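The chains referred to below are lettered A, B, ... by the order of the sequence lines, with proteins before strands, and numbering in each begins at 1. Since this is a predicted model, take the numbers as computed values, not measurements.
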Number of protein chains: 2
Amino acid sequence: MATGRTHRPASRSRGIPEATVARLPLYLRALTGLSERSVPTVSSEELAAAAGVNSAKLRKDFSYLGSYGTRGVGYDVEYLVYQISRELGLTQDWPVVIVGIGNLGAALANYGGFASRGFRVAALIDADPAMAGKPVAGIPVQHADELEKIVSDNGVSIGVIATPAGAAQPVCDRLVAAGVTSILNFAPTVLTVPDGVDVRKVDLSIELQILAFHEQRKAGEEAANQAAHPTAARRDDSAEQGPDGDVPAVMPA
Amino acid sequence: MATGRTHRPASRSRGIPEATVARLPLYLRALTGLSERSVPTVSSEELAAAAGVNSAKLRKDFSYLGSYGTRGVGYDVEYLVYQISRELGLTQDWPVVIVGIGNLGAALANYGGFASRGFRVAALIDADPAMAGKPVAGIPVQHADELEKIVSDNGVSIGVIATPAGAAQPVCDRLVAAGVTSILNFAPTVLTVPDGVDVRKVDLSIELQILAFHEQRKAGEEAANQAAHPTAARRDDSAEQGPDGDVPAVMPA
DNA sequence: CAGTGTGAACGTGTTCACAGCC
DNA sequence: GGCTGTGAACACGTTCACACTG
């Protein structure tokens, strides 16, 4: 595996597991913090703690990139920052367009983490003519009619969709047709795209629902323990929604 | 597995795989759409398409909840909506507080998907005294000093953190101390919480970095094909960042 | 000796393919 | 006949534990 010096790009950059890729930004952030505090080296243990993972996972992740550590010492912070940045493609800069400048779009435009790492907001686009020309985060909003021109003129390959659900698919289609091949979707819809186009979705409501699931479970366990432990049971405004019995009005055949 | 009528909550609600839980909201959304269009039943194939997964996965997921389908027919839409809602704990309502009413916090407060499914914004909290009393999304912002009181008065168990990175951990600690046991974190920081507290993180910058990784890979493959296929190569403003050779200024030992 | 790098064991998630039922 | 429900096979991801090395 990756014999010392990096040789064939294909052999070492092929097949980095998705799960590892998803953690690289986490490591990078932790490393950047260390770098700013001028820490020269870290052990896998320390870095793992800073990134919120366990050290075995971190070492395995790094092993996919190559052998960038020093046994008995740890990892050189600056060197790792560079290697991970390069692996993620952050040594080049990525022009990004944000479509849909409502509350969320504006929040994204103002988000500092954007510019910090290789990403540059090339344009803000909204369908509302009243928005056109209005500056948000110092960038004038452009009308949706300009979308295709903006994408091709700026060589944009990453698009962020922050429109209402209904507008998302048409916007997506236009972005893709104009040449965008990666989309970050904040609208609560499943987007359909041709092969070769990546979509990642960020969905607030889904995250909350997952939390609710676990929260409910906790409450259930608490209730179960209550027989033996009749202590304070928080958040019991009404009857514990019975996981049994109470069937809805509508019933299947 | 789940013999017909649901009996012991523990036996059937124990051990729904995390991956399945994460998809339930997706199914629920697709089903809600069908329900609004008064579609009475769906096959696993149709529903899977609407949710953007494959049908085998969907059937396996549903099998963890019980046998809610009818062979040869499909699933009753209304019934499934109810079962999934109940499983996710959405038949009760969850008061939520949002801390940090900047651009993002305001976007979240205005987000419709919130109220639609069991979640209710109980309070908006910000550290800036100038914000206090100002209504956002029709809800007056309260000062951070009130945090503990708000959480306990409303029986809040889910908190959303939309503060700057530096404030996130202290806010988190206060929320947890006040009784919150589930946290949705939008700040780009790793939060440390006691056992029994769930944290989910939404991180825009990480999502973009993952997209950049894949985007870079595509560009690399494109470049590789270029030898045989010297067609138009989009987004090649500068030299293909060599995955080999070019070492940074800083070097390891 | 301290700490990386990694095979091997393990666990989780996905897909297949078909038996069983309506 | 058509579609669900599910064991069994497979793929992917995580953890363990230790050989190896600066």
Trainee: Could you check how far NZ of K60(A) sits from C1' of dA17(D), rounded to whole Å?
Mentor: 12 Å

Trainee: Is a donor on one side and an acceptor on the other found under 3.5 Å between the side chain of K201(B) and the backbone of T189(B)?
Mentor: yes

Trainee: Name all residues meeting the salt bridge (charged side-chain N to carboxylate O under 4.0 Å, His left out) criterion together with R71(A); count only those two or more places apart in sequence or in a different chain, and write none if there are none.
Mentor: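 Salt bridge (charged side-chain N to carboxylate O under 4.0 Å, His left out) check on R71(A) returns nothing, list empty.
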
Trainee: Could you tell me if E36(A) and T32(A) have a donor-acceptor pair between their side chains, going purely by distance under 3.5 Å?
Mentor: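 No, because no side-chain N or O of T32(A) sits under 3.5 Å from a partner of the opposite role on E36(A).
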
Trainee: Using OP1 and OP2 only, check whether a side-chain N or O of K57(B) sits under 4.0 Å from dT15(C).
Mentor: yes

Trainee: Rounded to whole Å, please give me the gap between CG in L80(A) and C1' in dG5(C).
Mentor: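 L80(A) atom CG is separated from dG5(C) atom C1' by 14 Å.
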
Trainee: In whole angstrom, give the distance that lies between atom CG of L65(A) and atom P of dG5(C).
Mentor: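 Checked: the CG to P distance equals 10 Å.
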
Trainee: Within this structure, what is the CG-to-P distance between D61(B) and dT12(C), rounded to whole angstrom?
Mentor: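 The distance from CG of D61(B) to P of dT12(C) comes to 16 Å, rounded to the nearest Å.
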
Trainee: Please state how far atom OH in Y64(A) lies from atom P in dT4(C), giving the value in whole angstrom units.
Mentor: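 After rounding, the gap between these two atoms is 17 Å.
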
Trainee: Does Q169(A) have more than 12 heavy atoms from other residues, nucleotides or ligands lying within 6.0 Å of its CD?
Mentor: yes

Trainee: Report the distance from atom OH of Y68(A) to atom P of dG22(D), rounded to the nearest whole Å.
Mentor: 17 Å

Trainee: Among residues 17-33 of chain A, which residues get a heavy atom nearer than 4.0 Å to DNA chain D?
Mentor: P17(A), E18(A), A19(A), R23(A)

Trainee: Please enumerate all protein N or O atoms sitting under 3.5 Å from an N or O of nucleotides 18-21 of chain C, with distances to 0.1 Å.
Mentor:
from	atom 1	to	atom 2	distance (Å)
dG20(C)	N3	R71(B)	NH1	3.3

Trainee: Atom CG of L58(A) and atom P of dG3(C): how far apart are they, to the nearest Å?
Mentor: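 Spelled out: CG on L58(A) to P on dG3(C) is 14 Å.
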
Trainee: When rounded to the nearest 0.5 angstrom, what distance separates OH in Y75(A) from CG in L47(A)?
Mentor: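 Result: 8.5 Å between the selected atoms.
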
Trainee: Within the 4.5 Å heavy-atom criterion, are Y82(B) and E78(B) side-chain neighbours or not?
Mentor: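 No, too far: nothing below the 4.5 Å cut-off.
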
Trainee: Does any non-hydrogen side-chain atom of E207(B) lie less than 4.5 Å from one of F186(A)?
Mentor: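 No - every pair of side-chain heavy atoms lies 4.5 Å or more apart.
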
Trainee: Can you list every salt bridge (Lys or Arg N to Asp or Glu O under 4.0 Å) pair that touches residues 166-176 of chain B, not counting sequence neighbours?
Mentor: E148(B)-R174(B)

Trainee: Could you note down all residue pairs passing ring-ring contact (aromatic ring centres under 6.0 Å, His included) where residues 17-56 of chain A supplies at least one of them, sequence neighbours left out?
Mentor: Y27(A)-F62(A)

Trainee: Quick one: does any side-chain atom of S35(A) pair with a main-chain N or O of L31(A) as donor and acceptor, under 3.5 Å?
Mentor: no

Trainee: Is L26(B) close to I206(A) at the side-chain level, that is, under 4.5 Å between some pair of heavy atoms?
Mentor: yes

Trainee: Quick one: on DNA chain D, does A56(B) or V73(B) contact a more 5' nucleotide (nearest heavy atom)?
Mentor: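 Nearest-nucleotide comparison on DNA chain D picks V73(B).
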
Trainee: Check whether any side-chain nitrogen or oxygen of Y75(B) sits under 4.0 Å from OP1 or OP2 of dG5(D), and answer yes or no.
Mentor: yes

Trainee: At a heavy-atom distance below 4.0 Å, what parts of residues 34-55 of chain A sit against DNA chain C?
Mentor: S43(A), S44(A)

